[in-house]
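Written below as structure tokens is the structure these notes are about.
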Amino acid sequence: MSAFPLDGPLHLLTQELAEQRPHPRECLVDNWLKRVPQIHGCVPGNILCTLPLVSSERLWSLLQERTEELCAWLAPKVHEQAWQEEMAWPGAPSADVVSLDLAVVTSDHHPSGWDLCWVEYQTFTSIAAAIHVLALASQDIWPELCNLRQDTAAVLNPQWLSEYRKWVAPCTSSIILEHAPPQQSTYFDLAANAHLLGVPLVEPRDLVLRPEGLYARTSQGSTVSPVNHIFNRLILSDDPNALQTQALLAHAPVSWHSHPAWFYRVHKGLLAEMPLPPGQRCASAEAWRSLGHAAEQLVLKAKFSFGGKAVKLHVTSQELDELAHPQDWMVQPRYQSASLFTASDGVPIFGEFRCIVQLCPKGHAVTLARFARLFRGSMASSKSWVGAPGEGLAVLYGPPD
């Protein structure tokens with residue numbers, strides 16, 4: 001690794017650890033498999049970054065501030081009766097999770113030259129289990145990580161898995177629901193969840209609703225005990241039988257983690273409603289001119305997309321004016337990513353940080369994981385990762401006390 005900026009987002013301990021014990025990705029994968037040997041073959045080595053990230057004090061504080069600001073703004077909305085009715089899903093519980101993404105961008109308003117800018121947020125559980133395993137795998141290489149700040153975001157907390165289980169799969173009759181799990185890009189996390197939580201991965205087509213409750217078919221075609229709780233990872237629009245699945249689930253007597261209706265109610269399009277600073281204000285696509293920017297200075301995003309899909313970095317005024325369904329799109333002022341460090345081959349590495357947050361009933365929020373997606377080029381999409389130096393997933397740790 002090349003030099004890290006002294007006043008950058010990362011603590012210099014990041015560079016020290018990487019230089020003391022450099023290692024290939026295969027080492028991380030091997031350590032991963034020691035923790036969860038049942039998921040051999042599910043861990044694509046090219047997605048794992050070969051260094052842990054230790055946060056600077058300023059980055060840690062900014063992530064906490066942005067999390068608190070979003071949760072304070074969002075909390076009353078996810079409990080409003082009007083929102084519940086708009087979802088057209090009888091009995092849908094309040095949202096209990098939000099995953100938020102913030103990019104490190106250049107800034108002329110701070111002496112350090114960098115700041116954080118919103119990318120998106122969704123009430124959908126991200127890869128918390130995989131980050132937990134990655135943290136444990138990293139600890140095998142760098143024992144110093146155990147001495148870093150421990151708080152609600154500390155994935156190395158001995159009680160973390162117990163608290164996580166209470167949140168996402170609180171009873172033995174829980175399932176993880178996803179369409180075609182092995183085909184998903186996050187299968188490594190789905191498999192880690194199934195192993196760590198001891199609950200099965202179930203597809204919508206394998207659910208059976210009977211008068212006495214919801215059941216899940218096994219791979220042999222028989223049924224198991226009733227399903228009482230669903231840890232949802234399904235995005236309904238990915239299910240070829242979405243209407244039938246929704247009709248079945250709407251009448252299932254179960255409790256939920258990450259109810260599927262909230263994916264369509266809390267999405268990146270709400271950035272247009274947030275009270276953001278003038279230079280970061282967003283808008284629905286039909287009102288793009290209200291931002292006062294030329295079209296070429298904007299990025300176009302589908303409101304209900306995820307994983308870097310349907311993001312157009314270069315648009316014209318004609319394209320924006322001629323969108324077939326502008327209400328399904330939003331625009332955001334283009335920002336310039338700030339380099340976190342320079343990789344060993346001389347290429348600058350950029351990053352987006354994700355915080356996975358538990359939304360509690362009384363508005364309290366607990367951060368369960370913080371991690372980075374490190375990338376080259378213009379987008380933090382896992383599809384662009386090829387195993388080059390510096391890129392991939394990395395756990396974010398608090399700065400030393």
Considering residues at least two apart in sequence or located in another chain, which fulfil the ring-ring contact (aromatic ring centres under 6.0 Å, His included) criterion with [X]?
| X | answer |
| --- | --- |
| Trp118 | Tyr121 |
| Phe124 | Phe263 |
| Tyr164 | Trp160 |
| Phe231 | His257 |

May I have the list of side-chain donor-acceptor pairs in residues 198-208 shorter than 3.5 Å, sequence neighbours left out?
from	atom 1	to	atom 2	distance (Å)
Glu203	OE1	Ala180	N	3.1
Glu203	OE2	Arg205	NH2	3.4

Residue pairs passing the salt bridge (charged side-chain N to carboxylate O under 4.0 Å, His left out) test where at least one lies in [range], sequence neighbours excluded:
| range | value |
| --- | --- |
| residues 331-347 | Asp345-Arg376 |
| residues 384-397 | none |
| residues 288-299 | Arg289-Asp321 |

Using a cut-off of 6.0 Å, state whether more than 12 heavy atoms not belonging to Glu212 lie near its atom CD.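 Check passes, neighbour count above 12.
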Can you name the side-chain contact (heavy atoms from CB on, under 4.5 Å) partners of [X], sequence neighbours left out?
| X | answer |
| --- | --- |
| Glu163 | Lys166 |
| Ser173 | Cys171, Asn228 |
| Ser112 | Asp7, Arg58, His110, Trp114 |
| Gln244 | Asn241 |

Trp32 six-ring face occupied by Lys34 cation (under 6.0 Å, within 45°):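 Judged by the rule, Lys34 and Trp32 form no cation-pi pair.
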